[in-house]
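Single-structure report; data block below.
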Amino acid sequence: IWTGLQRGAFEFARTFTLETLIISSRALAGTQTLLEKFSGEQSNYEEIQQISKFANSPTSLTAGAYEATRAISRELYNAAQTVIAIPMRNKSISGYAKSAFRAVPLIVLKPMIGISEGVTKTLAGAINDLSSEQEKKL
């Protein structure tokens, strides 16, 4: 009887953890989509993957962490390019100031997009690492 209770408690904890990770991952994917729409720009990477944010989910936590670092670094690079490119379009000082002021939201949003994508990829990897059945679900 004691062994059965332990198994039941373990399965309950495992299922609860997996479902919590799934809900968190989907909520973060929705947050990422909202941030992308709010920024007014979609990255080329996202244009390629219009099917689903979970279409190419990582198979393990390690793969998820690797994809997370790639997503964060990509969006930080895009933010840095925004800092350099937008103000360079204008040659006057007032135009430079206006362009720099307009670039501030993108400079803030791009790293946030990368972080939300990175956490989503990490959670998807954790889910798939914990349960191979969940890989089909995502």
Side-chain angles (χ1 to χ4, degrees):
I1 294 177
W2 181 251
T3 305
L5 288 173
Q6 284 179 330
R7 283 187 199 159
F10 177 76
E11 283 300 315
F12 172 76
R14 183 174 159 265
T15 302
F16 181 78
T17 302
L18 286 173
E19 292 301 320
T20 302
L21 289 174
I22 290 170
I23 290 170
S24 300
S25 179
R26 294 199 178 170
L28 281 166
T31 302
Q32 177 189 348
T33 303
L34 287 174
L35 289 171
E36 288 171 350
K37 288 182 181 179
F38 185 70
S39 72
E41 293 184 9
Q42 262 190 332
S43 63
N44 292 334
Y45 180 76
E46 288 301 321
E47 289 173 5
I48 293 170
Q49 286 192 334
Q50 281 295 317
I51 298 169
S52 172
K53 299 221 183 279
F54 301 103
N56 295 323
S57 62
T59 56
S60 67
L61 182 60
T62 306
Y66 175 74
E67 288 186 30
T69 56
R70 287 182 52 206
I72 293 169
S73 64
R74 181 184 66 242
E75 293 302 330
L76 285 173
Y77 177 78
N78 289 340
Q81 290 299 317
T82 302
V83 169
I84 294 168
I86 288 182
M88 299 290 280
R89 292 180 186 164
N90 296 308
K91 298 191 182 203
S92 68
I93 293 176
S94 64
Y96 177 83
K98 287 179 185 177
S99 295
F101 184 71
R102 288 184 189 136
V104 169
L106 290 176
I107 294 166
V108 172
L109 287 175
K110 286 188 180 282
M112 290 172 62
I113 292 169
I115 289 169
S116 62
E117 181 181 353
V119 173
T120 301
K121 294 289 187 183
T122 304
L123 288 175
I127 291 166
N128 291 334
D129 209 14
L130 290 174
S131 174
S132 62
E133 298 165 7
Q134 295 298 328
E135 183 175 342
K136 296 176 186 173
K137 192 172 185 179
L138 287 178

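In this text the structure is predicted, and so the values were computed from the model without any measurement. Values reported hereafter were calculated over all heavy atoms of this structure, with side chains retained and with hydrogens, waters and symmetry mates removed. One-based numbering along the sequence shown.
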When clusters are formed by joining ILVMFWY residues with side-chain heavy atoms under 4.5 Å apart, either directly or through shared neighbours, do I22 and L28 land in the same one?
yes
To the nearest 0.5 Å, what is the distance between OG1 (T20) and CG (L123)?
10.5 Å
What's the shortest heavy-atom distance between A68 and G118, and which atoms?
CB-O, 3.2 Å
Partner residues of S60 under the side-chain contact (heavy atoms from CB on, under 4.5 Å) criterion, sequence neighbours left out
T62, A63, D129
Does S116 reach the main-chain N or O of I113 with its side chain, forming a donor-acceptor pair under 3.5 Å?
yes
Over all atoms of both residues, closest heavy-atom pair of L18 and I127
CD2-O, 4.0 Å
For a quick test of reading the model, state the closest non-hydrogen atom pair linking P58 to N128 and the distance between them.
O-ND2, 2.7 Å
Is a side-chain donor or acceptor of T31 paired with a backbone partner of A27 at a separation under 3.5 angstrom?
yes
Give me the one residue out of T69, L21, L61 that meets side-chain contact (heavy atoms from CB on, under 4.5 Å) with T122.
L61
Which residues pass the side-chain contact (heavy atoms from CB on, under 4.5 Å) test with I23, not counting sequence neighbours?
none
Test of understanding: with side-chain hydrogen bond (donor to acceptor under 3.5 Å, both in side chains), list the residues that count as partners of E11, not counting sequence neighbours.
R14
Residues at least two apart in sequence or cross-chain that pass side-chain contact (heavy atoms from CB on, under 4.5 Å) with I115, listed by chain then number, are I72, V119
Rounded to the nearest 0.5 Å, how far does CD of E67 lie from CD of E117?
8.5 Å
With sequence neighbours excluded, what pairs up with S73 under the side-chain contact (heavy atoms from CB on, under 4.5 Å) test?
none
Is the shortest side-chain heavy-atom distance between R70 and K121 below 4.5 Å?
no
For Y77, what residues pass the side-chain hydrogen bond (donor to acceptor under 3.5 Å, both in side chains) criterion, not counting sequence neighbours?
Q81
